[in-house]
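What follows is one structure encoded as structure tokens, with my remarks underneath.
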2 protein chains.
Amino acid sequence: MTDNLSQTFSALADPTRRAMLARLTMGEANVSDLAKPFLKSMSLPAITKHLKVLENAGLVTKTKDAQWRPCKLNATPLQDAADWMEPYRAFWEESFDRLDEYLKEVQSKKNKKVKTKEKKNARKS
Amino acid sequence: MTDNLSQTFSALADPTRRAMLARLTMGEANVSDLAKPFLKSMSLPAITKHLKVLENAGLVTKTKDAQWRPCKLNATPLQDAADWMEPYRAFWEESFDRLDEYLKEVQSKKNKKVKTKEKKNARKS
DNA sequence: TTTATAATTAACCAAAGAGTTAATTAACCG
DNA sequence: CGGTTAATTAACTCTTTGGTTAATTATAAA
């Protein structure tokens, strides 16, 4: 798992870490700021570790201000991840198209049935 | 790690598995086809396990044809991953812009220096 | 100079991940 | 039937991951 891309994906494979990144899109934050939403469910050292994973992946840079450690988002590794995914877009869009076609198809069948029902009802009344 | 997105990112966090997905963009392949490029460096059961990870993440669907197991790419989980990343695009593009600006800046300084040197050389000769 | 706050480090544990070899299943083919 | 091919399962090992509590460092503030 030594390569950068693997490290990036691995860092993203945890909801706590993704939430921390999301928080950092709103601006710099100290460790305790980042920890706050999670302190009910996990300890501060756990957060420190998650942060370390993000730092090692190059997704977060930590600086120093007195006893605080302001953290900043660095999204550049995500670009490589997005670039890797890009060629697959054609595949997921293709399957969306097929779903779309299918939905249109069943929709048109439904319409035909409705029309048939209308005829029946017309006969009934 | 129970959520889908985590499972997807986790599945992508391995170069062998990413290579297997890449191979599947070229069309269906049996387990041994997928294994071939790796058999020098790992065993077949290892491949079976990697494939299982991809299946569990919904990225590959395996069918049955006699003793073969044709595998097919299913890229739809990648869409969720790409959707998650999308809001971060602004951030990595922004840092690219800053790099771009910086490069233009040093480039223009370099030009000035070159011009200065030319003047010096002119004086010299 | 003590005390409080912010954060990290150390030491430990349990579960998951990534690999191995050996055995097993399942289908085909002569 | 007996052998071969394709793939999986079992059982095991080793490392990594994600968490804990307790101790420690470093700075600010009273």
Side-chain angles (χ1 to χ4, degrees), chain A residues 1-21 23-24 27-73, chain B residues 1-21 23-24 27-73:
Chain A
M1 214 274 294
T2 75
D3 66 295
N4 290 334
L5 202 45
S6 297
Q7 222 181 333
T8 302
F9 280 131
S10 181
L12 298 179
D14 182 285
T16 305
R17 290 194 290 262
R18 288 198 304 275
M20 291 167 80
L21 291 179
R23 167 63 185 80
L24 288 175
E28 282 197 8
N30 298 324
V31 176
S32 44
D33 299 329
L34 291 170
K36 201 160 298 171
F38 304 106
L39 288 181
K40 296 128 194 169
S41 58
M42 77 179 73
S43 68
L44 191 59
I47 297 293
T48 298
K49 284 191 180 186
H50 280 303
L51 202 44
K52 198 83 212 144
V53 172
L54 292 171
E55 273 190 277
N56 290 339
L59 287 162
V60 164
T61 59
K62 200 164 44 180
T63 53
K64 208 170 167 176
D65 172 17
Q67 68 262 56
W68 294 276
R69 297 290 174 273
C71 300
K72 218 174 127 306
L73 173 66
Chain B
M1 212 275 296
T2 75
D3 66 295
N4 291 334
L5 202 47
S6 298
Q7 222 180 333
T8 303
F9 281 130
S10 181
L12 297 181
D14 182 284
T16 305
R17 290 195 290 262
R18 288 197 304 276
M20 291 167 80
L21 292 179
R23 166 64 184 79
L24 289 175
E28 283 197 8
N30 298 325
V31 176
S32 43
D33 298 330
L34 291 171
K36 201 160 298 169
F38 305 106
L39 289 181
K40 296 129 195 168
S41 57
M42 77 180 71
S43 68
L44 191 59
I47 297 293
T48 299
K49 283 192 180 184
H50 279 304
L51 201 44
K52 198 81 211 149
V53 172
L54 292 171
E55 272 190 278
N56 290 340
L59 288 162
V60 164
T61 58
K62 199 163 48 180
T63 54
K64 209 171 168 177
D65 173 18
Q67 67 263 57
W68 294 276
R69 297 290 174 273
C71 299
K72 216 173 128 303
L73 173 67

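In what follows, every chain begins at residue 1, and chains take the letters A, B, ... in the order their sequences are listed.
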TODO: Drop me the distance from A/L59's CG to A/M20's CE, to the nearest 0.5 angstrom.
DONE: 11.5 Å
- [ ] Under 4.0 Å between any heavy atoms, over every strand shown, what does A/K52 touch: base, sugar-phosphate, or nothing? Just pick one.
- [x] nothing
Open item on the list: What is the separation between atom CD on B/Q67 and atom C1' on C/dT25, rounded to the nearest whole Å?
Closed with: 12 Å
Open item on the list: Nearest whole Å is fine: how far is D/dT17 P from A/N56 CG?
Closed with: 10 Å
Task: A/Q7 CD - D/dT17 P separation (whole Å) - done: 9 Å
Open item on the list: Show me the pairs that pass salt bridge (Lys or Arg N to Asp or Glu O under 4.0 Å) and involve residues 58-71 of chain B, at least two apart or across chains.
Closed with: B/E55-B/K62
Task: DNA chain D-proximal residues of residues 28-44 of chain B, any heavy atom under 4.0 Å - done: B/N30, B/V31, B/S32, B/L44
TODO: Nearest 0.5 Å please: distance from the CG atom of B/L39 over to the CG atom of B/L34.
DONE: 10.5 Å
- [ ] Whole angstrom is fine here: how far is it from NE2 in A/H50 over to C1' in C/dT9?
- [x] 17 Å
- [ ] Could you work out which one of D/dA7, C/dT21, C/dT8 sits closest to the side chain of A/R69?
- [x] C/dT8
Open item on the list: So if I take every side-chain heavy atom of A/W68 and compare against C/dT20, C/dA7, C/dA10, which nucleotide ends up nearest?
Closed with: C/dA7
Task: B/K49 (side chain) and C/dG19 (base): donor-acceptor pair under 3.5 Å - done: yes
Task: d(NZ, A/K62; P, C/dA7) in whole Å - done: 9 Å
Task: pair B/R18-A/D3: side-chain heavy atoms closer than 4.5 Å - done: yes
Open item on the list: Categorize A/A66 for me: base, sugar-phosphate, or nothing, with a 4.0 angstrom heavy-atom threshold over every strand shown.
Closed with: sugar-phosphate
Open item on the list: Between A/D33 and A/E28, is there a side-chain heavy-atom distance shorter than 4.5 Å?
Closed with: no
TODO: Take atom NZ of A/K64 and atom C1' of C/dA7, then tell me their distance rounded to the nearest Å.
DONE: 11 Å
TODO: Using whole Å, report how far CG of B/D65 lies from P of D/dA6.
DONE: 12 Å
Open item on the list: Can you confirm whether B/V60 sits close enough to B/K72 that some side-chain heavy atom of one is under 4.5 Å from a side-chain heavy atom of the other?
Closed with: no
- [ ] Look at B/T48 and D/dA7 and indicate whether a side-chain polar atom (N or O) is within less than 4.0 Å of OP1 or OP2.
- [x] no
Open item on the list: Rounding to an integer number of Å, can you tell me how far A/L12 CG sits from D/dT17 P?
Closed with: 14 Å
TODO: Mind checking the OG1-CG spacing from A/T16 to A/L21? Nearest 0.5 Å is all I need.
DONE: 11.0 Å
